[in-house]
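Presented below is the structure to which this report refers.
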Amino acid sequence: MRKVVFIGWRGMVGSVLMERMLAEKDFSGFEPVFATTSQIGQAGPDIGMDTPPLKDAFDLEMLKTMDIIVTCQGSDYTKKMYPLLRKSGWKGFWLDAASALRMENSSVIILDPVNRTVIDQALAKGKKDFIGGNCTVSLMLMGVSALFRKGYIEWLTSMTYQAASGAGAKNMRELVSQMDMIGRASEEFLKDPESDIADLDQRVLETMNHRNFPIQNFGAPLAGSLIPWIDSPMENGQTREEWKGAAETNKILQTRTMIPVDGICVRIGAMRCHSQALTIKLTKDIPVDEIMGLISESNEWVKVIPNTKEDTLKYLSPANVTGTLGIPVGRIRKLNLGKEYLTLFTVGDQLLWGAAEPIRRMLTILLEHLSS
Ligand code: HSE
């Protein structure tokens, strides 16, 4: 039986992966092994079957016995262990949620509802490294890849509204702590509906800018505010998150000529859904109805939301999408800039289609490939 080791299964992406694998009854037909960087010998997760005690995730000899390594441990682990494994002659499949290997020639960025052909071609060629994409890019492509496929996109700009989870578990806690502190500081004004709104506003502002306000992880207030900077600076003025837009989109789709993708990535006070407003320069004047049809038929998770206030409020929000695989795409209309300028808004769970789900599905594809 094929052996698959899971590393980083306790973290945020890893635990969502475990949940999804359990929900889909994926733990069958292979021998699962769980490894850890810190709790060797302890019991593994409850997956409804016996598994051996946790192995050492840094044990090269153990890793070399695996057919597939699935890691959600992060880029530092990848940078340390991947080269050692390949140097040792290990020929197994490396399936990784971290970004470290994404842009390597030997890697395929996986998002099978969008690039299954690319994945199948890579498997046929003997490629072994399959890496999950940046969450914002994956969620954008789940929404509009049909328009790329048709050659309808000359360029695209994405203005993002990214959730705290993209920055990590500590950041999610920090966001809620910030909300809590603002809520408690405002209580006396909220209890009295007659209180002066200017006083409430002033109290919120003072609280957010107080030296005790918890900003250790974000570096700035997020609750009641926003942070238009995600990841590290690039030399050209982009942030690395913004740079990934074009680099990864074109790699996922294996475009022949680079389609420009750029925008500003902004952190907002949502918990785990990334949203984005796209402006698309179409290659020609394509009717909105045709665009809606293409989008809604592109995969089973995307849903076109009518451009009404009622539908937008009901469906097109993190509050509605969190914890689901749904990819609503709404506010679809031509901009007044001209008939070739399209705008739309889309939302997706950053931990599901943005991280764990492409990995879960790729594991199934790899196991099928190995048994064929
Ligand atoms: N880099 C993303 C973010 C998450 O900070 O929201 C991972 O793709």
Side-chain angles (χ1 to χ4, degrees), residues 8 11-17 20 71-79 95-103 107-111 114-115 130-143 158-176 215-220 222-223 225-234 238-252 261-278 318 321-322 325 327 346-362:
M12 214 164 32
V13 175
S15 50
V16 173
L17 175 64
R20 285 290 301 136
T71 170
C72 303
Q73 183 69 30
S75 285
D76 288 347
Y77 178 81
T78 300
K79 284 180 196 155
L95 183 48
D96 197 340
S99 64
L101 299 175
R102 261 183 219 151
M103 296 311 293
S107 298
V108 180
I109 305 182
I110 50 163
L111 188 63
V114 169
N115 72 345
F130 294 88
I131 318 295
N134 169 265
C135 43
T136 317
V137 173
S138 297
L139 295 172
M140 181 269 285
L141 285 175
M142 285 299 290
S158 166
M159 298 299 179
T160 73
Y161 304 76
Q162 295 184 224
S165 59
K170 284 185 191 151
N171 296 64
M172 294 173 81
R173 298 186 83 86
E174 188 165 282
L175 171 62
V176 178
I215 58 163
Q216 291 79 1
N217 294 290
F218 282 116
L222 184 62
S225 189
L226 56 77
I227 304 172
W229 188 283
I230 296 178
D231 211 333
S232 51
M234 305 289 289
Q238 284 178 308
T239 66
R240 181 159 290 275
E241 186 78 356
E242 290 153 6
W243 171 82
K244 286 174 182 173
E248 294 193 20
T249 297
N250 285 278
K251 178 158 178 165
I252 290 171
V261 176
D262 202 355
I264 294 181
C265 291
V266 181
R267 187 78 66 201
I268 54 123
M271 285 297 271
R272 55 180 266 188
C273 268
H274 285 0
S275 307
Q276 35 199 324
L278 307 187
V321 175
T322 296
L325 291 164
I327 304 285
T346 180
V347 184
D349 189 311
Q350 183 265 333
L351 293 172
L352 286 166
W353 276 120
E357 193 64 6
I359 300 282
R360 185 191 74 76
R361 292 170 61 89
M362 189 64 211

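Every number for a ligand or one of its atoms is a count from 1 in the order of the listing.
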Quick one: table the atom pairs, ligand 1 N or O against protein N or O, below 3.5 Å, distance rounded to 0.1 Å.
from     : atom 1 : to   : atom 2 : distance (Å)
ligand 1 : 1 (N)  : E241 : OE1    : 2.8
ligand 1 : 1 (N)  : E241 : OE2    : 3.4
ligand 1 : 5 (O)  : G166 : O      : 3.2
ligand 1 : 5 (O)  : R267 : NH1    : 3.4
ligand 1 : 5 (O)  : R267 : NH2    : 2.8
ligand 1 : 6 (O)  : Q162 : NE2    : 2.9
ligand 1 : 6 (O)  : R267 : NH1    : 2.9
ligand 1 : 6 (O)  : H274 : NE2    : 2.9
ligand 1 : 8 (O)  : N134 : ND2    : 3.3
ligand 1 : 8 (O)  : C135 : N      : 3.1

C135 backbone acceptor or donor facing S138 side chain under 3.5 Å:
no
Notebook entry, point to check: Does any non-hydrogen side-chain atom of T346 lie less than 4.5 Å from one of L139?
Noted result: no
Any L222 side-chain heavy atom under 4.5 Å of E174 side chain:
no
By salt bridge (Lys or Arg N to Asp or Glu O under 4.0 Å), R102 pairs with (sequence neighbours left out) E248
Side-chain heavy atoms of T160 within contact of I264, under 4.5 Å
no
Looking at R20, I want to see if its CZ is surrounded by more than 12 non-hydrogen atoms of other residues, nucleotides or ligands under 6.0 Å. yes
